[in-house]
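First the structure, in the form of structure tokens, and then the observations on it.
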Amino acid sequence: MRLYNVLTDLGRESETQELMIGSGIIKVGGNTNVNHPVLLKRVSISLDAKNNELSISDTDSMPELYTLLLSQIPEINHSVIKQASEELVENYYHPLDRNNDSDFLKAFTHKLSSDSSFVGYDSEAKKTSAYLTLSMNSPLFFVRRKIDGTLKALETIASTIEETKEFPAPIGEIVSGGFVDVPKTTPQQTIEAQLASANGENPDILLSKAANKEQLEIAERIESYNAVLVQGPPGTGKTHTIANLIGHFLAQGKNVLVTSYTAKALSVLQEKLPESIQHLCVSVTGDDNSGMVRSIDGISEFMARHTSSEMKQQAEGAEQKRRYLLKQLDDIRKKLFLIRFAEFKPIVFGGNEYSPKDAAKFVHDNAAELS
């Protein structure tokens, strides 16, 4: 019944919770709050309703060390955690592999602290005064909240900086507070460019959907700055904007990574993309690879019907047609603007300038005398 409840809860909270198997229960002397496995792996649970059977199955996820817990334990050698994580990835020690993971965790335990005790699978746990104890006799299943990629990303960034002695420019901007040098003066735009910008158009920015001035400004800022933050309440068009930017980046031959707290938000975004580029978007959410298969099938089918030279000719033709249409729009908008502006252009009479409003008032007030 407990497993059935776990199945039900995971079905309802699949985007935020996951079922794990763990071994190597670690305990710290004098701290009863630490009692948790350190070698973990994600598993899945399913129900065969016909036979009324619950099954827990392995997944293709990588085993992992619970580094978040280890980083909170004082008086241990934290420098060996990274090395052990790399060894784990290289050798794929499974939490239930009695032959290999026991030696791995035994060596890892003694590297963490000289004041440590290791209890193997077939050893009897004895009362010990060691600061750190790790026992293999109690592997277990447990449900945990999914750990987002922030911690792993920070560990990877720190490792890269340590190895290359360089850091990504966006990280520098975040650390420095994100200040940028804003030019005191901006180049004067033509009337055509100002009107095009107000309508979300720029010849050098290829947005795949209808756009407005704000979306165009976001794309222009991304071209100038390493990091751009866009905020807005629900319903203000953030998903539409992201879909537009994806089209722009793909047109430049760039790769785009989109992340979200929930998988549903990503599926909604993919539906908003133009149908012609949806197959280029590969989803890596969930346990199956159906999204990957659909993308590969779509790309393969498209490539079977078109050649690269044919697509190049179509792209060049579309580019010429687009610039021609934008030029026509520029000319028409400028004419409309000048016609509208003429309503406010001063009237020159007898060497003096009169606003249309004042001239109309004068004619109205003196209609009888000067008609």
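Below, all heavy atoms of this structure are taken into account, side chains as well, without hydrogens, waters or symmetry copies.
Between Y92 and H94, the ring-plane angle classifies as tilted under the 30° and 60° cut-offs. Ring geometry, Y93 versus F104: the interplanar angle falls under 30°, so the pair is classed parallel (tilted spans 30 to 60°).
Heavy atoms only, all atoms of each residue included: K238 and G232 are closest at NZ-O, 2.8 Å. Across all non-hydrogen atoms, the minimal contact from S79 to N77 is OG-OD1, 2.5 Å. The two residues N244 and S208 make their nearest non-hydrogen contact at OD1-N, 3.1 Å. Taking all atoms of both residues into account, the shortest heavy-atom contact from S23 to D101 is OG-OD2, 4.0 Å. Closest approach of K82 to E162, counting heavy atoms only: NZ-OE1, 4.4 Å. K146 approaches Q17 most closely through the heavy-atom pair CE-O, 3.5 Å.
Side-chain contact annotation: E223 with H248, donor-acceptor N/O pair under 3.5 Å present. Counted by atom type alone, S113 and D115 present zero donor-acceptor pairs between their side chains at under 3.5 Å. A side-chain N or O of Y324 and one of Q328 form a donor-acceptor pair less than 3.5 Å apart.
With salt bridges taken as basic N to acidic carboxylate O contacts below 4.0 Å, none links K335 and D331. Ion pair R333/D330 flagged as a salt bridge, since at least one NZ, NE, NH1 or NH2 atom sits closer than 4.0 Å to an Asp/Glu carboxylate oxygen.
The backbone N or O of T241 sits nowhere less than 3.5 Å from a side-chain atom of K209 that would complete a donor-acceptor pair. Not a single donor-acceptor pair under 3.5 Å links the side chain of S260 to the backbone N or O of A263.
Contact annotation: the side chain of T16 approaches that of R145 to within less than 4.5 Å [non-hydrogen atoms, C-beta and beyond]. Put simply, the side chain of L39 reaches to within 4.5 Å of the side chain of L88, judged on heavy atoms. Counting only heavy atoms from C-beta outward, the side chains of F108 and L65 approach each other to under 4.5 Å. Residues T8 and Y4 form a side-chain contact, since some pair of their non-hydrogen atoms from C-beta on lies under 4.5 Å apart. Between L112 and L70, the closest side-chain pair of non-hydrogen atoms falls below 4.5 Å. P346 places none of its side-chain heavy atoms less than 4.5 Å from the side chain of S355. Between I73 and I26, the closest side-chain pair of non-hydrogen atoms falls below 4.5 Å. Using a 4.5 Å cut-off on side-chain heavy atoms (C-beta onward), E220 and I205 make contact.
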> Yes or no on side-chain contact (heavy atoms from CB on, under 4.5 Å) for L245 and I242, after CA distance, side-chain angles and deciding distance?
Replying inline: CA-CA 5 Å; L245 292 174; I242 296 171; 5.6 Å; no
> Going through the checks in order, is the salt bridge (Lys or Arg N to Asp or Glu O under 4.0 Å) test met by D9 and R12?
Replying inline: CA-CA 5 Å; D9 292 342; R12 187 172 56 250; 2.8 Å; yes
> Step by step, would you call I299 with L280 a side-chain contact (heavy atoms from CB on, under 4.5 Å)?
Replying inline: CA-CA 7 Å; I299 294 172; L280 297 178; 4.0 Å; yes
>> Determine whether I25 and L140 satisfy the following criterion, side-chain contact (heavy atoms from CB on, under 4.5 Å), listing intermediate values before the conclusion.
In response: CA-CA 9 Å; I25 309 296; L140 51 87; 3.8 Å; yes
> What do the steps show when you test E18 against R144 for salt bridge (Lys or Arg N to Asp or Glu O under 4.0 Å), and what is the final call?
Replying inline: CA-CA 6 Å; E18 57 189 354; R144 75 171 182 184; 2.9 Å; yes
> Run the side-chain contact (heavy atoms from CB on, under 4.5 Å) check on L134 and V119 step by step: do they pass?
Replying inline: CA-CA 6 Å; L134 191 141; V119 181; over 6 Å; no
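There is a path of hydrophobic side-chain contacts, each under 4.5 Å, that joins V43 to V6. L206 and I218 end up in different hydrophobic clusters when Ile, Leu, Val, Met, Phe, Trp and Tyr side chains are linked at under 4.5 Å. Residues M62 and M292 do not share a hydrophobic cluster, defined by chaining ILVMFWY side chains whose heavy atoms lie under 4.5 Å apart. The hydrophobic clustering, which links ILVMFWY residues whose side-chain heavy atoms are closer than 4.5 Å, places V143 and M1 together. F141 and L10 fall within a single hydrophobic cluster, where Ile, Leu, Val, Met, Phe, Trp and Tyr are joined by side-chain heavy atoms under 4.5 Å apart, directly or via other members.
Note: M136 CE to T109 OG1 = 8.5 Å, rounded to the nearest 0.5 Å. Taking NZ from K345 and CD1 from I339, the interatomic distance works out to 13.0 Å, rounded to the nearest 0.5 Å. We find the SG-CD1 distance between C281 and I246 to be 5.5 Å, quoted to the nearest 0.5 Å. Put simply, OG on S117 and CG on L132 are 9.0 Å apart, with the number rounded to the nearest 0.5 Å. Taken from OG in S46 to CD in E53, the straight-line distance is 10.0 Å, to the nearest 0.5 Å. A distance of 10.5 Å separates CG of D365 from CG of L370, quoted to the nearest 0.5 Å.
Within a 6.0 Å radius of CG in N52, no more than 12 heavy atoms belonging to other residues, nucleotides or ligands are found. Within a 6.0 Å radius of CZ in R2, other residues, nucleotides and ligands contribute 12 heavy atoms or fewer. Annotation for K334: atom NZ does not count as buried by contact number, only 12 or fewer foreign heavy atoms lying within 6.0 Å. Enclosure of atom CE in M311 by more than 12 non-hydrogen atoms of other residues, nucleotides or ligands within 6.0 angstrom is indicated. Residue E275 places its CD atom among 12 or fewer non-hydrogen atoms of other residues, nucleotides or ligands, all under 6.0 Å distant. Crowding of K27 atom NZ: a count of heavy atoms from other residues, nucleotides or ligands under 6.0 Å not exceeding 12. Crowding of F142 atom CZ: a count of heavy atoms from other residues, nucleotides or ligands under 6.0 Å exceeding 12.
Applying the salt bridge (charged side-chain N to carboxylate O under 4.0 Å, His left out) rule to K213 yields no partners; only residues at least two apart in sequence or on another chain are considered.
Under the side-chain contact (heavy atoms from CB on, under 4.5 Å) rule, R42 has a single partner from D58, L19, T59, which is T59.
No close placement of the F302 and H279 rings is indicated, their centers lying 6.0 Å or farther apart.
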